[in-house]
There are 2 protein chains.
Amino acid sequence: MDPLEAVGPAPDLVSDVFARACTSRAAFEDVTSRWSSLALLALGEGPHRFGELRRRVEGVSERMLAQTLRALERDGLITRSDAGTIPPRVDYALTPLGAQVAAGLRGLADVLESAVPEIDRARLDYDAR
Amino acid sequence: MDPLEAVGPAPDLVSDVFARACTSRAAFEDVTSRWSSLALLALGEGPHRFGELRRRVEGVSERMLAQTLRALERDGLITRSDAGTIPPRVDYALTPLGAQVAAGLRGLADVLESAVPEIDRARLDYDAR
DNA sequence: AGATGGCACTTACCAATAGTTAGTGTCGAG
DNA sequence: CTCGACACTAACTATTGGTAAGTGCCATCT
């Protein structure tokens, strides 16, 4: 057996989010970047058109949304389907991998949403000093 | 029964990460911001000193790490304990809430770490166009 | 019928944000 | 006796992100 061939089977041990050069770190940064997480969360509720996403994710500029969606598509987390019609119609949806990620983000969002009173208290305490 | 009184009991329904003005949105952005998530991930492995975190999270500047940790402390996700000695010694650790969040982030990181081959493939495909 | 707004973007410009470098004061190691 | 570690902060600069406007076509409102 080729020794080079034998390296393949355990790729999960070599990927590390903490490593600057690792793909997982880059993907993690893409996923957790300001608008990506919100976009993934929105797509977790079902496919959306560009304008729908723009309205759902309060505060995104069109520029940043387009940029964000391109990055997520590149990482294979979402699909983009352009109907090619006029007026234009483009639908975005999660891939299976994207769905996993979105589920994780939903979990995080749930934790934080229900912790709002606790967080507000902590902030008040902190700001009092 | 006072109609105003009846609104109180379900605070989980009023917090929404998508709402720009909601505390949960702000906290979510703090948690998912570039260095926070990595810092929380590191603290998920146990308490760390400032310098330890700096080394663990490859690429953070001292400035950004200090800023990040202050934000997380303010939100009640981590604690900061200054021994007051010289040379200085400051330990950071997760609060129970922070631990919940860190666990969620760990899940995300695990998904992405094991999806590295898939992501690499998706990127190659995308870039080929 | 002419103006308005939605569609999914892109481009140019400028403000805000993040990274880089240098400094603080004390101590232990070489 | 100079160097580095420690946990930061302050000043400067590079990069990023938000704002505003433009694209071309169509449907609706007036």
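Both backbone and side-chain heavy atoms feed into the values below; hydrogens, waters and symmetry mates do not. First the proteins, then the strands, lettered A, B, ... as listed; each starts at 1.
OP1 or OP2 of dA8(C) lies within a sub-4.0 Å distance of a side-chain N or O belonging to R49(A). Contact between the side-chain N/O atoms of R55(A) and the OP1/OP2 oxygens of dG6(C) is not found at any separation under 4.0 Å. Using a 4.0 Å cut-off, no side-chain N or O of R89(A) falls inside it from OP1 or OP2 of dC25(D).
Separating the CD atom of Q67(B) from the C1' atom of dA18(C) is a distance of 8 Å, rounded to the nearest angstrom. We find that CZ of R54(B) is positioned 11 Å from P of dG19(C), with the value rounded to whole Å. Summarising the geometry, the separation between NE2 on H48(A) and P on dA8(C) is reported as 12 Å, rounded to the nearest angstrom. Between the CE atom of M64(A) and the P atom of dT11(C) there is a distance of 15 Å, rounded to whole Å. Across the protein-nucleic acid pair, R63(B) atom CZ and dA10(D) atom P stand 11 Å apart, rounded to whole Å. Nucleotide dG18(D) holds its P atom 11 Å from the CZ atom of R20(B), rounded to whole Å.
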request  = Spell out protein contact along nucleotides 25-30 of chain C as letters: B when the base is contacted, S when just the sugar-phosphate is, - when no protein heavy atom is under 4.0 Å; keep the 5' to 3' order.
outcome  = BSS---
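With sequence neighbours excluded, no residue forms a side-chain hydrogen bond (donor to acceptor under 3.5 Å, both in side chains) with R49(A). With sequence neighbours excluded, the residues that form a salt bridge (charged side-chain N to carboxylate O under 4.0 Å, His left out) with D110(A) are R106(A).
Pairing each heavy atom of E58(B) with each of F18(A), the nearest pair is CB-O, 3.3 Å. Closest of all the heavy-atom pairs between R80(A) and V90(A) is CG-CG1, 3.6 Å.
Under the 4.5 Å side-chain heavy-atom criterion for Ile, Leu, Val, Met, Phe, Trp and Tyr, V116(B) and V17(A) are members of distinct hydrophobic clusters.
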Name each donor-acceptor pair under 3.5 Å that joins a side chain in residues 92-105 of chain A to protein atoms two or more places apart or in another chain, with its distance.
from: T95(A); atom 1: OG1; to: G76(A); atom 2: O; distance (Å): 2.7
from: T95(A); atom 1: OG1; to: L77(A); atom 2: O; distance (Å): 3.1
from: T95(A); atom 1: OG1; to: G98(A); atom 2: N; distance (Å): 3.0

Tabulate below the donor-acceptor pairs under 3.5 Å that side-chain atoms of residues 36-43 of chain A make, not counting sequence neighbours, or state none.
from: S36(A); atom 1: OG; to: D30(A); atom 2: O; distance (Å): 2.8
from: S36(A); atom 1: OG; to: S33(A); atom 2: OG; distance (Å): 2.8
from: S37(A); atom 1: OG; to: S33(A); atom 2: O; distance (Å): 3.4

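Between L65(A) and W35(A) there is no side-chain heavy-atom pair separated by less than 4.5 Å.
For the contact set between residues 31-42 of chain A and DNA chain D, defined by any heavy atom under 4.0 Å, the members are R34(A), W35(A).
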